[in-house]
Amino acid sequence: MLTLKIRILIIILLLLSILYIVNMVRRKRLELRYALIWLFTGIIVFILTLFPNLIKILSDLLGIYSPINMLFFMGFGLTLIIIFSLTIFASRMSIRIKELSQEIALRDEYIDKCLNKQKY
Amino acid sequence: MKNNKFKSLIIIPAFNEESNIVNTVKNIKKYKKDFDYIIINDGSTDNTAEICNKNKFNVINLPINLGIGGAVQTGYKYAFNNGYDFAIQMDGDGQHDPEFLSLMKKTMLETDANMVIGSRFINKEGFQSSTARRIGIRWFTFLIKLLTRKTITDPTSGLRMVGKKGIALFAKDYPKDYPEPETNVAMICNGYKIVEIPVVMKERIGGISSISVKKAVYYMVKVTLSIILEKIRKH
């Protein structure tokens with residue numbers, strides 16, 4: 001059962017988290033592009049907590065008995081999506097770093113070759 | 001005696017512009033007495049690098065693709081490192097007419113501005129962009145006016161010029177995507193003066209510039225939030 005107590009707790013935690021994330025972006029410690037998905041998740045959970053009827057509808061739809069389980073299931077599902085997208089991101093970054101390293105090494109060699117040529 | 005003691009740089013970001021880059025550089029050749037230029041090749045996968053090499057153009061070849069923000073910022077870093085007094089952004093696809101270069105510099109000197117933006121929407125001449133884009137642009141103009149009380153009619157214009165202060169600011173901090181509206185707000189929040197002049201832009205020649213619904217939503221949300229966040233940053 002979704003008690004008032006847990007709803008208030010969730011809302012307080014969410015507001016603190018959203019403020020923290022926004023402040024990180026404000027201080028340029030976090031890129032807005034990657035913070036957006038977290039903010040989006042936070043807003044979804046916020047809305048659901050505010051309107052428990054929505055949770056009731058969704059949980060009936062999915063065949064989940066308890067509304068609060070539905071809430072956590074959704075939060076968990078969204079978190080998994082976020083983690084997977086970060087995995088894709090990390091993978092892409094590692095490829096870009098590899099390419100960057102190779103380019104730098106090749107350019108270093110080219111510069112050395114040019115400098116050595118001048119030594120003659 | 002030539003009274004041009006100012007060092008000016010034209011920053012030309014280019015990604016896969018093999019069909020346009022030669023013309024773009026040819027068009028600015030007549031201004032070479034007053035303006036240097038640098039092409040920022042943003043990891044093009046076509047023959048842009050080879051063409052620049054063959055024609056001995058001034059080019060910086062980025063080892064990986066960084067997007068428009070990263071590419072243009074590279075230009076600003078180059079301007080900063082080489083002590084330029086003015087830096088002007090121009091697209092590599094030929095949309096921007098170099099005839100406005102001297103006018104922008106003149107305006108900057110006369111009005112003592114820190115930034116001069118070439119706006120399509122003051123006289124509403126030339127290429128006016130699609131309706132959807134214009135609605136988005138008008139939203140940003142409204143938002144910027146609401147937050148800073150300054151009116152910028154073309155906040156997404158890529159044809160803009162900055163002085164030494166702007167060069168230093170952008171070399172240090174520049175957003176990776178859709179950088180123009182946010183950086184305009186950054187200039188305002190730092191107390192820098194922005195002046196707009198009417199310009200005429202041409203339609204895109206060669207290549208495609210499409211934007212999907214998903215990208216459009218991300219664009220509107222991201223730029224709106226960045227403008228608001230820029231306003232509340234410490235300056």
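Here is the naming used below: chain letters follow the sequence lines, and residue numbers restart at 1 for every chain.
Going from atom CD of E103(A) over to atom CG of N61(B) covers 8.5 Å, rounded to the nearest 0.5 Å. Rounding to the nearest 0.5 angstrom, the gap separating the CG atom in L36(A) from the CG atom in L225(B) is 6.0 Å. Distance check: I95(A) CD1 to I64(B) CD1 gives 11.5 Å after rounding to the nearest 0.5 Å. In this structure, OG on S226(B) lies 11.5 Å from CZ on R33(A), to the nearest 0.5 angstrom.
Only the side chain of L32(A) comes within contact range of chain B, with at least one heavy atom under 4.5 Å from a heavy atom of that chain. Using a 4.5 Å cut-off between heavy atoms, R107(A) touches chain B through its side chain atoms alone. For a residue to count as touching a neighbouring chain, one of its non-hydrogen atoms must lie under 4.5 Å from one of that chain's; by this rule Q102(A) does not touch chain B. Proximity to chain A (any heavy atom under 4.5 Å) is restricted, for L62(B), to the backbone atoms N, CA, C and O.
Other residues, nucleotides and ligands contribute at most 12 non-hydrogen atoms within 6.0 Å of the NZ atom of K150(B). At most 12 non-hydrogen atoms from other residues, nucleotides or ligands lie less than 6.0 angstrom from CZ of F73(A). Around the CZ atom of F80(B), the shell of radius 6.0 Å holds no more than 12 heavy atoms that belong to other residues, nucleotides or ligands. Residue Y34(A) qualifies as enclosed at atom OH: its count of foreign heavy atoms under 6.0 Å is above 12. Remark: K165(B) NZ is loosely packed, at most 12 non-hydrogen atoms of other residues, nucleotides or ligands lying under 6.0 Å away.
Using a 4.5 Å heavy-atom cut-off against chain A, the contacting residues of residues 167-178 of chain B are D173(B), K176(B), D177(B).
Looking at residues two or more places apart in sequence or on another chain, you find no ring pair (Phe, Tyr, Trp, His ring centres under 6.0 Å) involving F40(A).
Residues R27(A) and R233(B) fail the side-chain proximity criterion, which asks for heavy atoms closer than 4.5 Å.
Minimum interatomic distance between R26(A) and K234(B) (heavy atoms only, all atoms of both residues): NH1-N, 3.9 Å.
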